[in-house]
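Input: a single structure, listed below in structure tokens.
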Amino acid sequence: MLDTAPAGVETELTQFFAAARLRASDYGEHYVALWDSLEQASRGGKRVRPALVLAAYAGFGGRDQALVAPVAVSFELLHTAFLIHDDVIDRDLARRGVANIAGQFNDRALAHGAAADQAGVWAAAAAILAGDLALSEAHRALAKLPVDVRTRLRLLDLLDRAVFVSAAGELADVTNSSARHPLTMAEVITTLENKTAVYSFEAPLQAGAVLAGATAEAIRLLGRYGRLVGVAFQLTDDLLGVFGDPLKTGKSVTADLREGKQTALIAHAGGTESWSLIAPYLGKIDLSDEEAERAREHLRACGAKAAAEGLAYDHSRWAIEALEPALIPADLRASLTELANAAVNRSR
């Protein structure tokens with residue numbers, strides 16, 4: 001079982017933010033407030049990415065917790081940066097019902113007498129800068145590691161690839177939302193893989209394995225596992241975004257339909273005779289709850305829900321099959337098998 005609340009990571013993050021806040025005090029109250037907001041943004045998650053770094057490191061015999069903790073923190077800060085920038089792209093002022101950095105600074109600007117449009121600029125600037133700061137520290141944490149040059153460069157290359165590929169995935173995701181026709185299933189899977197799977201699963205696992213000195217083939221297999229399980233996780237996430245229980249997920253079940261999000265559900269539906277019944281609801285900004293329920297009924301009836309579920313389970317199974325027993329240690333294989341099953345058997 002993955003430890004999703006690793007104490008060493010929490011300690012490392014606390015120390016980082018304390019030092020940053022102290023440095024920020026030289027530059028005024030608003031900058032200190034920005035660091036306070038950034039620390040808040042980094043809290044509350046399941047710490048899946050740090051847990052994957054630690055699991056792979058320990059799985060291949062790594063024992064130096066002081067060495068691996070900064071690597072785990074690096075990938076958590078990368079995740080924080082992407083969430084913050086994602087909210088800016090989506091023009092959201094809240095995440096899971098709580099004011100995000102942009103929302104906090106929008107309120108802060110209004111409280112300091114700014115006009116509404118000025119407050120919006122201040123909010124976006126604060127969020128962009130906070131994401132940039134988290135991204136910078138993610139790289140700095142790896143650059144400062146007391147390891148040999150080859151290992152440091154391999155870790156930095158993994159982080160660089162995660163950023164590079166995720167940016168391509170984010171741009172594709174935004175571009176896809178304006179597409180006039182449903183994407184193919186292959187296009188949807190590629191976007192999911194690039195936007196989330198690489199940085200959330202593939203890179204953290206490979207980073208832990210690299211730090212522990214795993215073989216090149218084992219590192220390659222962990223990468224394959226990570227991409228597959230990441231897609232399984234995101235396919236399930238998109239299913240929950242339409243068919244989930246908002247009380248459990250904390251997310252609206254109409255938002256994805258209103259946004260016209262291009263998911264596996266839509267890719268499947270677009271190739272069926274039911275598409276003409278579903279299309280009018282997709283991207284309808286004022287979509288009502290009743291209309292959303294009708295859209296869900298059509299998605300079920302045309303087999304889109306079952307197809308997306310089947311695809312998620314396929315990716316979970318393929319991920320487990322990638323864990324070659326001769327190359328992936330038994331304890332790590334057991335933890336990753338459990339993770340792959342949990343990725344598709346969840347309600348939130």
Side-chain angles (χ1 to χ4, degrees), residues 2-54 57 64-88 92-109 111-112 122-147 152 155-156 158-159 162-163 166 199-200 203-204 207-208 211:
L2 293 176
D3 178 6
T4 53
V9 171
E10 299 302 330
T11 299
E12 190 86 13
L13 281 167
T14 298
Q15 292 174 346
F16 162 65
F17 282 114
R21 192 180 296 103
L22 185 61
R23 291 175 65 195
S25 64
D26 291 337
Y27 300 94
E29 63 172 306
H30 297 307
Y31 198 43
V32 173
L34 181 65
W35 279 99
D36 286 339
S37 294
L38 179 51
E39 183 174 19
Q40 291 172 27
S42 76
R43 293 178 187 154
K46 296 178 181 178
R47 306 295 197 215
V48 171
R49 293 149 198 88
L52 290 172
V53 172
L54 296 176
Y57 179 69
D64 189 344
Q65 294 304 304
L67 181 65
V68 71
V71 181
V73 164
S74 173
F75 283 96
E76 185 64 13
L77 288 173
L78 178 66
H79 174 55
T80 300
F82 284 164
L83 290 184
I84 293 169
H85 285 162
D86 197 51
D87 282 351
V88 174
D92 289 335
L93 296 181
R95 178 167 284 272
R96 294 189 181 276
V98 178
N100 57 19
I101 292 177
Q104 291 172 30
F105 270 79
N106 188 74
D107 293 344
R108 188 179 185 85
H112 281 77
W122 197 1
I128 291 169
L129 291 170
D132 289 348
L133 289 167
L135 193 57
S136 175
E137 179 57 27
H139 286 83
R140 181 171 176 266
L142 297 186
K144 290 175 60 183
L145 278 179
V147 294
R152 185 183 299 111
L155 292 170
L156 285 168
L158 286 173
L159 186 65
V163 174
S166 296
Y199 97 83
S200 289
L211 192 63

Worked verdict on Arg47 versus Leu13 for side chain to side chain contact (heavy atoms under 4.5 Å, CB included): CA-CA 12 Å; Arg47 306 295 197 215; Leu13 281 167; 3.6 Å; yes
Side chain to side chain contact (heavy atoms under 4.5 Å, CB included) involving [X] - partner list, sequence neighbours excluded:
{"X": "Ala207", "result": "Val71, Phe75, Leu155, Leu158"}
{"X": "Asp86", "result": "Asp90, Arg95, Glu170, Lys195"}
{"X": "Ala124", "result": "none"}

Return the set of residues passing ring-ring contact (aromatic ring centres under 6.0 Å, His included) with Phe82 (not counting sequence neighbours), or none when no residue passes. Tyr199
Partners meeting salt bridge (Lys or Arg N to Asp or Glu O under 4.0 Å) with Asp36 (sequence neighbours left out): Arg21
Side-chain touch [X]/[Y], heavy atoms, less than 4.5 angstrom:
{"X": "His30", "Y": "Trp122", "result": "yes"}
{"X": "Leu38", "Y": "Trp35", "result": "yes"}
{"X": "Gln65", "Y": "Leu54", "result": "yes"}
{"X": "Val48", "Y": "Ser200", "result": "no"}
{"X": "Asp64", "Y": "Tyr57", "result": "yes"}
{"X": "Ile84", "Y": "Asn100", "result": "no"}

Straight-line distance of Arg43 CZ to Glu39 CD, nearest 0.5 Å: 4.5 Å
Heavy-atom closest pair, residues [X] and [Y]:
{"X": "Leu78", "Y": "Ala162", "result": "CD2-CB, 4.1 Å"}
{"X": "Ile101", "Y": "Ala41", "result": "CD1-CB, 4.1 Å"}
{"X": "Ala72", "Y": "Pro50", "result": "O-CG, 3.6 Å"}
{"X": "Ala33", "Y": "Phe105", "result": "C-CZ, 3.9 Å"}
{"X": "Glu12", "Y": "Ala69", "result": "OE1-CB, 4.0 Å"}
{"X": "Leu142", "Y": "Ser74", "result": "CG-OG, 3.6 Å"}

List the atom pairs, with distances to 0.1 Å, where a side-chain N or O of residues 129-141 and a protein N or O form a donor-acceptor pair under 3.5 Å, not counting sequence neighbours.
from   : atom 1 : to     : atom 2 : distance (Å)
Asp132 : OD1    : His85  : NE2    : 3.4
Glu137 : OE1    : Arg140 : NH1    : 3.2
His139 : ND1    : Leu135 : O      : 3.0

Check whether Ser25 reaches the backbone of Leu22 with its side chain - one donor and one acceptor, N or O, closer than 3.5 Å. yes
Counting distance only, does the side-chain N/O of Arg49 pair as donor-acceptor with the main-chain N or O of Glu76 below 3.5 Å? no
